[in-house]
Amino acid sequence: MQRAIERESSKAADGVAFASPAGRWLLAVAVLGSGMAFLDGTVVNVALPDIGRDFNATTGSLQWILNGYLLTLASLILLGGSLGDRYGRRRIFVLGTGLFTAASLLCAIAPNAEFLIAARLIQGVGGALLTPGSLAMIEASFRPSDRARAIGAWSGLGGVATAIGPLLGGYLIGAVSWRAIFLINLPLGIVVIALASRHVPETRDPTTSGHLDYIGATLAGLGLAGTTYALIEGPGKGMTPLVLLAGIGGVAALIAFLLSERRSANPMMPLDMFRSRQFSGANLVTFVVYAALGGVFFLLVSFLQISLGYSPIEAGAASLPVTLLMLLLSARSGALAQRIGARIPLTVGPLVIAVGLLMMTRINPGDSYVSSVLPPVIVFGLGLTLVVAPVTATVLAAADAQHAGIASGINNAVARVASLLAVAVLPLIAGLTGDNFYDPAKMTHGFHVGMVACAVLAAFGGVLAWLTISSDVLEVVPTAEGDTPDGAATDFSCGISGTPLRPAREARCAMAQSAHQP
């Protein structure tokens, strides 16, 4: 075991250079693979009105088309990170990409809403396997001095994939059909699998042992499924025995999940990781802010189509400034956070997002794009660029490098659960249940109410960041050995010019040295 750990540490010390051909190929594979999952997180939103009309679907069915994917993704993404650490990050990444691609084909040929929801559930399983692996491959394969740069590029380009989804989806829906948004994943998936097999080195965590936490994964899935069902179906069906049973059972399963993780010898979500204030704070900010983002991406493009009469491609193009801002500013945002710490960007970013969302409440039918839609979209995009890269870097910097898969899995799960709950709850708050979703006047009122709710969430995220994130995530006080007494990773520190306290933290020390160079 010790020799295996030493070999992995040696590989990490050598690593792949960011500017090398091998580094560019590795980053391209990671971004393309995770980009498929990120893209599907937003591209389907544009298609909801068309899917609803084709299948005569209720608001509840539309929610399940979104949340079916988020449900399995959020439930299993932690297990996906653990599988990658144990059996090989590239292997699990390729497996997830293949499953995601096959499920995309099923989505494209769906004959009804129920079939599409089932296919989306399978698609979420594939996303849960490939998403944490994409970031873990970067963390484990790049040399320490280049990891921060690689993570920043991954975060920025992944954010672009998320933002470009509405534009691409709108074009495909208008030119072909809503089914084309799923068919596009087929060639992408094949290319990713081929490139990963050739250009990505295999890495794993040599310290993993014991059985996988299948009990935890099952309880998490049942808990999220039960609570989601109750939130979506309750407003339409009322407090029927089935809805009550699902809600109570879901909450009980989530409590049992936490108890199971606390007692398990090999938990898929080690609760000891949350002893780090940085790790807990960053994930709390992620939950609140991504709940707001989930609500925005769910309602905005549908509002533009239903209330303002935009075509799918016009609704998608309306968010194009967000994509451009992510391309131009994400790398700079990551560099800024590395120089001054993540606290200020993660405080200011959500507050700017909140301002943009409040500005969206002034959009009404008949308004022009340039005067009413474009300004809040730009403000929203500026805030988003300040959040994406810094929050990812903060989470990984607060966790042990050997557990990169678990750390990224937890953060991704938190983001997906937040979006899932937002999609489940927001229509109820906004009064968009039943057939109200397709009524232009009711959609306008509901959108305005929804944006106020999302703005409050985003602003709260900024306050949380100010209270929980330190100015420099690399300079916090550790225990004597840099770990908690039972060996779990916690906050850490290293000499700016000295040797890391532990080899696994070399990446963060390199980041600290870079941050303090003139």
Side-chain angles (χ1 to χ4, degrees), residues 42 45-46 159-160 162-167 170 285 288-310 314-330 333 344-388 390-391 418-419 422-423 425-427 429-432 437 440-466:
T42 55
N45 294 309
V46 185
V160 169
T162 301
I164 204 173
L167 175 62
V285 171
V288 174
V289 173
Y290 273 77
L293 298 182
V296 175
F297 286 122
F298 173 49
L299 287 182
L300 178 59
V301 289
S302 293
F303 165 69
L304 293 176
Q305 293 177 74
I306 294 171
S307 296
L308 272 66
Y310 283 30
E314 289 172 338
S319 62
L320 183 59
V322 176
T323 304
L324 298 176
L325 288 170
M326 292 292 292
L327 279 170
L328 293 172
L329 301 178
S330 284
S333 172
I344 292 178
L346 291 181
T347 298
V348 175
L351 295 178
V352 174
I353 289 174
V355 171
L357 299 185
L358 290 176
M359 292 171 65
M360 289 184 186
T361 63
R362 302 178 64 85
I363 303 174
N364 287 291
D367 288 346
S368 72
Y369 174 77
V370 173
S371 63
S372 297
V373 180
L374 181 59
V377 166
I378 290 177
V379 174
F380 172 77
L382 289 172
L384 191 60
T385 60
L386 289 171
V387 172
V388 175
V391 77
S419 294
V423 172
V425 173
L426 198 58
I429 295 175
L432 294 176
F437 190 88
K442 292 178 179 177
M443 168 58 82
T444 299
H445 175 73
F447 174 76
H448 292 164
V449 173
M451 291 307 97
V452 171
C454 291
V456 171
L457 280 173
F460 184 51
V463 173
L464 286 174
W466 181 259

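We use all heavy atoms of the structure for the numbers below, so side chains are in, but hydrogens, waters and symmetry mates are not. Worth saying up front: this structure is predicted, and the values here are computed from it rather than measured.
A heavy-atom distance below 4.5 Å is not found between the side chains of Thr385 and Leu328.
Residue Cys454 comes nearest to Leu426 through the heavy atom pair SG-CD2, 4.1 Å, listed as atom of the first residue, atom of the second, then distance. Of all the heavy atoms in Ala291 and Ala422, the pair that sits closest is O-CB, 3.2 Å. In terms of heavy atoms, Pro350 sits closest to Gly462 at CB-N, 3.4 Å. Taking all atoms of both residues into account, the shortest heavy-atom contact from Ser372 to Pro375 is C-CD, 4.0 Å. Residues Ala430 and Gly450 come closest through the heavy atom pair CB-N, 4.3 Å.
The number of heavy atoms from other shown groups lying within 6.0 Å of NE2 (His448) is above 12. Open room surrounds CD1 on Ile344; 12 or fewer heavy atoms of other groups in view lie less than 6.0 Å from it. Residue Phe460 qualifies as open at atom CZ: its count of foreign heavy atoms under 6.0 Å is 12 or below.
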Mind listing the side-chain donor-acceptor pairs of residues 294-305 below 3.5 Å, one per line with the distance, residues two or more places apart or on another chain?
{"unit_1": "Gln305", "atom_1": "NE2", "unit_2": "Val46", "atom_2": "O", "d": "3.1"}
{"unit_1": "Gln305", "atom_1": "NE2", "unit_2": "Val301", "atom_2": "O", "d": "3.2"}

Considering only distance and modelled atom types, tabulate donor-acceptor pairs under 3.5 Å from the side chains of residues 351-368, sequence neighbours left out.
{"unit_1": "Thr361", "atom_1": "OG1", "unit_2": "Leu358", "atom_2": "O", "d": "2.5"}
{"unit_1": "Asn364", "atom_1": "ND2", "unit_2": "Arg362", "atom_2": "O", "d": "3.3"}
{"unit_1": "Asp367", "atom_1": "OD2", "unit_2": "Asn364", "atom_2": "N", "d": "2.8"}
{"unit_1": "Ser368", "atom_1": "OG", "unit_2": "Ser371", "atom_2": "N", "d": "3.3"}
{"unit_1": "Ser368", "atom_1": "OG", "unit_2": "Ser371", "atom_2": "OG", "d": "2.5"}

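The ring-ring contact (aromatic ring centres under 6.0 Å, His included) search around Tyr290 returns none, not counting sequence neighbours. For Ser419, the side chain to side chain contact (heavy atoms under 4.5 Å, CB included) partners two or more places apart in sequence, or in a different chain, are Leu70. In this view, Thr444 and Ser307 satisfy the side-chain hydrogen bond (donor to acceptor under 3.5 Å, both in side chains) rule, not counting sequence neighbours. In terms of the side chain to side chain contact (heavy atoms under 4.5 Å, CB included) criterion, residue partners of Ile378 (sequence neighbours excluded) are, by chain and number, Pro321, Leu325, Leu374, Leu382.
Between the CD1 atom of Ile306 and the CZ atom of Phe437 there is a distance of 4.5 Å, given to the nearest 0.5 Å.
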